[in-house]
Amino acid sequence: MNTFSGVWRCIQRLHQIHPYEVETIFQRVGIAKSLLTNQNVSIPVEILLNFVIDAQTVFKDELVSINFGRMAQVRPNYGEAFGLVFVYSKNLQQGLKLLQSFINTELEGLNFLIIEEKNHIKIQSVVDPKIKNPSIYENLGLSILASFIRSKRFQIKQINTKTVTQIDDIKEKSVFNCPVFTSCEETSLLISKKNYLKKNSLSNPNLVNYLSTILEAKANNMTSKISLTEKVERLMNNYENHFNLINIQDVSIHLGLSTNSLRNQLLKENTTFRKVLNNFKLSKSKNLLNGGLSVKVISYQLGYADPSSFVRWFIGQTDLTPSAYKLLFKVKVLADLHYRQKQ
């Protein structure tokens with residue numbers, strides 16, 4: 001799992017500004033200093049994340065993964081087939097669709113949810129819940145995406161991030177020439193709907209089709225060992241805080257299947273789309289309850305119009321009210337803690 005050399009060039013630029021601090025972090029996280037002279041290095045994302053996490057404490061800025069792009073004026077590596085597919089798509093709509101389809105060939109566990117609003121297109125960065133340090137990972141992916149969009153000379157209206165920064169004037173920094181808002185419910189960026197459909201003069205359909213075939217084979221190879229149920233669950237996770245929008249038609253399109261094919265293949269795994277969705281929502285609701293969120297907040301996050309509807313659904317799934325489940329969970333945690341102390 002490798003990241004783009006464009007992001008690495010951001011770190012090289014950071015080293016030019018703060019050489020001692022960057023070299024110290026390199027030593028702590030196990031990155032060889034000699035790599036700083038390599039213009040096309042591609043390092044494992046896990047190591048890059050370790051650098052970003054450590055850099056937060058040094059530079060006192062929890063948006064450092066996005067600020068890499070500002071400091072380096074990052075541009076994508078056009079030698080990457082992934083970047084070529086994006087740049088030579090007929091418009092942003094096609095480019096982002098390909099990006100969404102193949103993102104896991106470069107950044108496993110990171111996905112983008114594209115939402116059409118009245119005058120804008122919102123592109124939300126969402127990571128698999130199993131990923132450690134999810135906010136940093138989402139910021140990193142959004143920085144790469146923003147560099148692609150800017151490379152096509154399209155203006156980014158706004159960037160949002162869940163991560164809270166310790167610097168008060170972050171909105172004045174004009175990251176990618178747009179304001180950055182912190183402490184948001186999502187990691188996302190906004191672009192104009194007009195740009196989204198604007199024809200690209202560099203469009204090369206033959207090149208895009210050729211590279212898409214290569215990337216599709218690569219993506220299929222990476223996910224061949226994953227069950228269809230798991231693939232559906234991963235797509236559902238992309239709808240963070242918009243779970244009411246999940247439907248079999250959209251999921252089928254993202255998987256490259258007809259709705260009937262999806263239904264039939266799920267039946268071969270002894271399940272249905274409704275069961276997968278219910279199990280997914282149940283797992284989400286339990287995690288949110290265990291995290292201390294109120295029933296009201298959870299019901300809205302799962303897409304229910306009112307909390308009573310969520311409570312009825314939860315009882316139907318577990319034979320417990322949400323309050324009873326939370327109490328049962330607390331008792332279990334205390335019992336486990338008592339058991340470990342006795343050991």
Taking atom CG of Leu302 and atom CZ of Phe280, what is their separation to the nearest 0.5 Å?
8.5 Å
Using the rule given for side chain to side chain contact (heavy atoms under 4.5 Å, CB included), can you reason through Val276 versus Met236, listing the C-alpha separation, both sets of side-chain angles and the distance that settles it, and then say yes or no?
CA-CA 10 Å; Val276 175; Met236 288 177 175; 4.0 Å; yes
Write down the atom of Cys184, the atom of Phe181, and the distance for their closest heavy-atom approach.
SG-O, 3.5 Å
Where do Leu320 and Ala324 come nearest, in terms of heavy atoms and distance?
CD2-CB, 4.2 Å
Close side-chain approach of Phe314 to Ile298, heavy-atom, < 4.5 Å:
no
How many angstroms lie between atom CG of Leu288 and atom OG of Ser299, to the nearest 0.5 angstrom?
10.5 Å
Linking I/L/V/M/F/W/Y whenever their side-chain heavy atoms sit closer than 4.5 Å, directly or via other members, would Leu282 and Leu327 fall into one cluster?
no
Any chance you could lay out the side chain to side chain contact (heavy atoms under 4.5 Å, CB included) test for Lys157 and Ser192, step after step, and finish with the verdict?
CA-CA 7 Å; Lys157 298 287 187 181; Ser192 166; 4.1 Å; yes
Run the side chain to side chain contact (heavy atoms under 4.5 Å, CB included) check on Leu266 and Lys275 step by step: do they pass?
CA-CA 10 Å; Leu266 286 174; Lys275 286 181 181 178; over 6 Å; no
Answer yes if Leu190 and Leu197 sit in the same cluster of Ile, Leu, Val, Met, Phe, Trp and Tyr residues linked by side chain heavy atoms under 4.5 Å apart, and no otherwise.
no
Relative to the ring of Tyr304, is the ring of Trp313 parallel (under 30°), tilted (30 to 60°) or perpendicular (over 60°)?
tilted
Let me check something: do Tyr20 and Ile25 share a hydrophobic cluster, defined by ILVMFWY side-chain heavy atoms less than 4.5 Å apart, either directly or through other members?
no
Would you mind reporting whether Gln93 and Ile114 have side-chain heavy atoms less than 4.5 Å apart?
no
Taking all heavy atoms of Leu289 and all of Lys326, pick out the closest pair and write down the distance.
CD2-CD, 3.6 Å
Any side-chain heavy atom of Ile121 sitting closer than 4.5 Å to one from Glu116?
yes
Of all heavy-atom pairs linking Gly95 and Ser89, the shortest is CA-OG, 3.4 Å
Side chain to side chain contact (heavy atoms under 4.5 Å, CB included), that's the test. Do Leu267 and Arg263 meet it? Break it down for me.
CA-CA 6 Å; Leu267 284 174; Arg263 289 192 181 99; 5.5 Å; no
Gln265 side chain vs Leu228 backbone, donor-acceptor pair below 3.5 Å
no
Quick one: does Lys281's side chain get under 4.5 Å of Ile246's, heavy atoms only?
no
Nearest 0.5 Å, please: how far is CG in Leu113 from CD in Glu186?
9.0 Å
Does Glu269 CD have over 12 foreign heavy atoms under 6.0 Å away?
yes
Close side-chain approach of Leu277 to Val232, heavy-atom, < 4.5 Å
no
Are the side chain of Lys193 and the backbone of Glu117 linked by a donor-acceptor contact shorter than 3.5 Å?
yes
Side-chain heavy atoms of Ile123 within contact of Ile149, under 4.5 Å
yes
Looking at Lys198, I want to see if its NZ is surrounded by more than 12 non-hydrogen atoms of other residues, nucleotides or ligands under 6.0 Å.
no
Is there side-chain contact between Thr24 and Glu21, with heavy atoms separated by less than 4.5 Å?
no
Any chance you could measure Tyr196, atom OH, to Leu96, atom CG, to the nearest 0.5 Å?
6.0 Å
Out of curiosity, Thr187 OG1 to Leu142 CG, how far, rounded to the nearest 0.5 Å?
7.0 Å
side-chain hydrogen bond (donor to acceptor under 3.5 Å, both in side chains) between Ser203 and Asn200: does it pass, once the steps are laid out?
CA-CA 5 Å; Ser203 175; Asn200 179 14; 5.7 Å; no
Could you state the interatomic distance from CG (Asn279) to CD (Gln317), rounded to the nearest 0.5 Å?
7.5 Å
Min side-chain heavy-atom separation Phe112-Leu189 under 4.5 Å
no
